[in-house]
Number of protein chains: 2
Amino acid sequence: MKAHIDQIRRFNRAITLRMGTLDDSFLDLGRPFGEARLLYEIGPDGAEIRDLRARMGLDSGYVSRLLRGLERQGLIQTKPSDADGRVRVARLTDAGRAVYADVDRAGDTFAAEVLAPLTAGERTRLVAAMNEVEKLMRTFAIRIGPDCAAGADAQTCLTNYFTEIAARFDDGFDPDLGLATGVADMTPPKGIFLMARLDGKPVGCGALLAEQGGIAHIRRMWVAPDVRGIGLGRRLLDALEDEAAKLGLHTIRLETNKALKEAQEMYRRAGYREVAPFNDERYADHWFEKRRSLKAGPA
Amino acid sequence: MKAHIDQIRRFNRAITLRMGTLDDSFLDLGRPFGEARLLYEIGPDGAEIRDLRARMGLDSGYVSRLLRGLERQGLIQTKPSDADGRVRVARLTDAGRAVYADVDRAGDTFAAEVLAPLTAGERTRLVAAMNEVEKLMRTFAIRIGPDCAAGADAQTCLTNYFTEIAARFDDGFDPDLGLATGVADMTPPKGIFLMARLDGKPVGCGALLAEQGGIAHIRRMWVAPDVRGIGLGRRLLDALEDEAAKLGLHTIRLETNKALKEAQEMYRRAGYREVAPFNDERYADHWFEKRRSLKAGPA
DNA sequence: ATATTTATCTGACTTAAGTCAGATAAATTT
DNA sequence: AAATTTATCTGACTTAAGTCAGATAAATAT
């Protein structure tokens with residue numbers, strides 16, 4: 001363990017020393033970093049300012065000022081969004097596109113420089129190892145937290161979930177026919193909606209409903225196909241159980257369809273045991289329950 | 001090639017996004033980043049200010065100001081070096097040591113967080129891949145450039161070189177018995193001294209002497225043992241040949257001892273052919289030459 | 001229709017980070 | 001011994017980066 005931690009720290013140091021500084025410097029073509037980063041983030045297809053702010057985690061006043069600067073330099077133009085008059089959209093001008101291309105080219109040049117001193121075999125190994133690091137770090141980069149069930153991202157998750165189960169369940173799926181779970185049920189104080197995000201992008205969700213008699217009811221657990229197999233389902237489940245604990249709920253229940261074999265397997269491994277049906281969800285074939293006290297199951 | 005470059009850029013983005021920000025944030029314990037970094041750089045054993053400046057690439061006035069700030073907070077003390085009254089040494093106080101320990105612990109915590117969501121197998125793979133990336137990036141991080149032959153780092157390289165060949169040559173090595181190559185010979189306009197550095201630390205060297213009749217004479221080529229086998233010798237040789245070209249020298253010569261088999265192999269692969277002795281270096285067994293026009297040899 | 005929320009902007013700040021031109025004193029070279 | 005170099009410091013700057021409190025207008029909820 002200690003050796004692993006040391007390797008990570010060594011890696012961290014080496015990489016920020018090497019790529020970190022170069023990542024900055026390739027954006028630095030004579031203009032302030034923040035400005036260059038914003039311009040690069042706007043990209044050739046343009047972007048909503050609201051989006052830029054969220055992605056980059058910047059103060060709205062600050063972004064506005066940076067945009068004004070880029071506008072003054074003739075690199076971008078902003079105009080209100082067609083769909084929503086409050087939202088403004090930033091778009092690169094021809095001059096801005098030229099700067100973007102410069103920055104992009106500098107990035108390519110830097111990457112080429114990394115490869116330059118290596119032999120063909122070494123290049124292949126480097127790229128493979130980078131891919132591996134990136135993939136495994138993705139797991140760590142996924143953040144789980146409460147979210148607004150009515151939000152656009154949450155709705156996207158739920159829609160994806162419904163679409164998927166409609167395809168997988170033998171008799172399809174119609175949300176109106178199953179037991180209803182509205183936004184209010186997944187919002188405090190009645191319940192909570194957790195979302196998993198990878199770099200801000202939603203990649204999974206799960207809801208916990210607080211019911212009579214100290215019972216937590218888990219529904220709408222979903223993991224995006226491209227992040228499956230890395231234990232995210234289990235992490236979501238753990239997070240939901242933590243929420244149940246916080247609410248003082250001692251029993252956790254959930255039901256699932258027979259088509260979702262992996263899910264059943266996961267619930268069992270997480271210490272759930274199958275019980276008699278506790279509701280009449282028409283899409284359910286298996287009902288599970290776990291008492292909070294007997295928190296167990298092999299990792 | 002394009003795929004490789006894209007993977008590197010993707011890696012670069014992902015890593016600076018994930019580790020980069022966390023590398024910063026783990027130093028950020030309520031104090032400015034620059035200050036925290038300097039404190040961390042001073043470390044538990046203290047450091048010469050001259051050294052800190054060089055390592056971190058900062059302006060002397062700026063460093064001075066940062067040190068004054070840390071001093072005011074009672075985190076460090078500075079005093080003149082025993083060896084050289086101009087140099088000052090910064091040392092952590094007990095309070096400083098405590099802050100250092102906090103920062104260090106935060107770094108460990110971060111590393112542990114990276115590992116936390118992974119299975120044992122994934123952890124091993126991550127650490128192995130990180131090690132591979134780090135090792136291969138080291139090649140790219142080695143920078144070759146002209147250096148002062150009289151400087152401390154150059155002298156360190158040369159001493160290491162002499163020590164090594166003294167051990168490897170059948171009849172040992174005494175620099176006073178071989179052909180003399182003084183600092184002046186390796187300094188413009190008479191010649192040039194190149195050094196390879198990895199993160200500032202010297203890891204190799206080579207000298208080029210401009211001689212009568214358009215001849216460039218290469219001597220003192222050395223690569224540190226821990227960076228061998230990654231093509232650094234060849235890169236140094238290429239760099240020296242570039243210098244020869246800049247000086248308009250058309251013929252490159254060098255001599256070597258029979259014990260240095262890998263070197264001879266490298267020279268041959270780089271397009272050098274063995275010629276009759278062109279000097280009476282007593283430690284030489286093989287003499288090589290290459291005309292600049294016939295730049296060739298398989299990579 | 002009115003109130004609230006959301007997205008953006010402006011002006012007035014603060015702090016961090018760094019540069020540059022000397023000043024000073026120790027060490028080294030001539 | 002005098003001149004030069006080296007290491008550090010101080011004061012006077014600049015620029016970047018970001019925060020915060022409203023103001024404004026569009027969209028949405030009541």
Side-chain angles (χ1 to χ4, degrees), chain A residues 21 24-25 27-39 41-42 47-73 76-91 148 150-153 155 183-184 187, chain B residues 21 24-25 27-39 41-42 47-73 76-91 148 150-153 155 183-184 187:
Chain A
T21 54
D24 291 9
S25 78
L27 278 172
D28 164 42
L29 291 157
R31 74 192 69 246
F33 181 65
E35 227 174 47
R37 197 161 83 99
L38 185 60
L39 184 120
E41 223 33 72
I42 291 170
E48 294 187 353
I49 292 175
R50 165 176 64 173
D51 235 58
L52 291 171
R53 224 173 29 218
R55 282 213 305 265
M56 306 176 71
L58 299 177
D59 175 85
S60 79
Y62 183 37
V63 168
S64 185
R65 210 172 313 283
L66 288 175
L67 290 171
R68 244 23 80 229
L70 289 170
E71 224 165 25
R72 225 176 303 111
Q73 293 169 62
I76 63 160
Q77 282 185 329
T78 60
K79 63 172 188 60
S81 155
D82 295 332
D84 185 335
R86 293 169 300 183
V87 178
R88 291 183 75 82
V89 175
R91 212 163 273 291
C148 172
D153 286 343
Q155 291 303 313
V183 166
T187 304
Chain B
T21 55
D24 291 7
S25 79
L27 279 171
D28 163 42
L29 291 156
R31 73 192 69 249
F33 180 65
E35 226 174 47
R37 197 162 81 99
L38 185 61
L39 183 122
E41 231 19 82
I42 290 169
E48 294 187 353
I49 292 173
R50 166 176 62 174
D51 235 57
L52 291 171
R53 224 173 28 217
R55 284 213 303 265
M56 305 176 72
L58 299 176
D59 175 86
S60 80
Y62 183 38
V63 169
S64 185
R65 212 171 312 282
L66 288 174
L67 289 171
R68 243 24 80 228
L70 289 169
E71 223 164 27
R72 225 176 303 112
Q73 293 168 63
I76 65 159
Q77 280 185 331
T78 60
K79 64 169 186 64
S81 156
D82 296 331
D84 185 334
R86 292 168 300 184
V87 178
R88 290 183 76 83
V89 175
R91 212 164 273 290
C148 173
D153 287 343
Q155 292 301 314
V183 165
T187 304

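Any value given below was found using the heavy atoms of this structure, including those in side chains, with hydrogens, waters and symmetry copies removed. So you know, we letter chains A, B, ... as the sequences are listed, proteins then strands, and number each from 1.
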[X] to [Y] - nearest heavy-atom pair and separation:
X: A/Thr78; Y: A/Arg88; value: OG1-NH2, 3.2 Å
X: A/Pro80; Y: A/Gly85; value: CB-O, 4.1 Å
X: A/Arg53; Y: A/Leu58; value: CG-O, 3.1 Å
X: A/Ala36; Y: A/Arg31; value: CB-CG, 3.8 Å

Take atom [atom1] of [X] and atom [atom2] of [N], then tell me their distance rounded to the nearest Å.
X: B/Leu52; N: D/dC9; atom1: CG; atom2: C1'; answer: 15 Å
X: A/Glu48; N: C/dT8; atom1: CD; atom2: P; answer: 7 Å
X: B/Ile76; N: D/dT8; atom1: CD1; atom2: P; answer: 12 Å
X: B/Arg88; N: C/dA26; atom1: CZ; atom2: P; answer: 11 Å
X: B/Leu67; N: D/dA7; atom1: CG; atom2: P; answer: 16 Å

Discussion item. With a sphere of 6.0 Å drawn around CD of A/Gln73, does it hold more than 12 non-hydrogen atoms of other residues, nucleotides or ligands?
Written reply: yes
Worksheet item: Are more than 12 heavy atoms from other residues, nucleotides or ligands located less than 6.0 Å from atom CD of A/Glu48?
Response: yes
Practice prompt. Hey, which sits more toward the 5' end of DNA chain D by its nearest nucleotide, B/Ile49 or A/Ser81?
Written response: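 So the residue in question is B/Ile49.
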Discussion item. Checking contacts here: which listed nucleotide (D/dT8, C/dA7, C/dT10) is nearest the side-chain heavy atoms of A/Ser64?
Written reply: C/dT10
Worksheet item: For C/dA21, which nucleotide is its Watson-Crick or G-U wobble mate, given both distances must be under 3.5 Å?
Response: D/dT10
Fill in: Counterpart base for C/dT30, defined by Watson-Crick or G-U wobble contacts under 3.5 Å
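Pairing partner, where one exists within any strand: D/dA1.
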Worksheet item: So do the side chains of A/Leu67 and A/Ile42 get within less than 4.5 Å of each other, counting heavy atoms only?
Response: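 Yes, close enough: below the 4.5 Å cut-off.
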Worksheet item: Side-chain contact, heavy-atom cut-off 4.5 Å: B/Arg55 with B/Leu52?
Response: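 They are in contact (side-chain heavy atoms under 4.5 Å apart), so the answer is yes.
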Could you list the protein-to-nucleotides 1-5 of chain C atom pairs, N/O on both sides, closer than 3.5 Å?
none

For [N], does either OP1 or OP2 sit under 4.0 Å from a side-chain N or O belonging to [X]?
X: A/Arg68; N: C/dT10; answer: yes
X: B/Arg53; N: D/dA7; answer: no
X: A/Arg50; N: C/dT6; answer: no

Between the protein and nucleotides 16-21 of chain C, which nitrogen or oxygen pairs are less than 3.5 angstrom apart?
unit_1	atom_1	unit_2	atom_2	d
C/dA17	OP1	B/Gly34	N	3.4
C/dA17	OP2	B/Gly34	N	3.3
C/dG18	OP2	B/Tyr62	OH	3.1

Practice prompt. Working to the nearest 0.5 Å, report the span between CZ of B/Arg65 and CG of B/Asp59.
Written response: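 Answer for the CZ-CG pair, B/Arg65 versus B/Asp59, is 8.5 Å.
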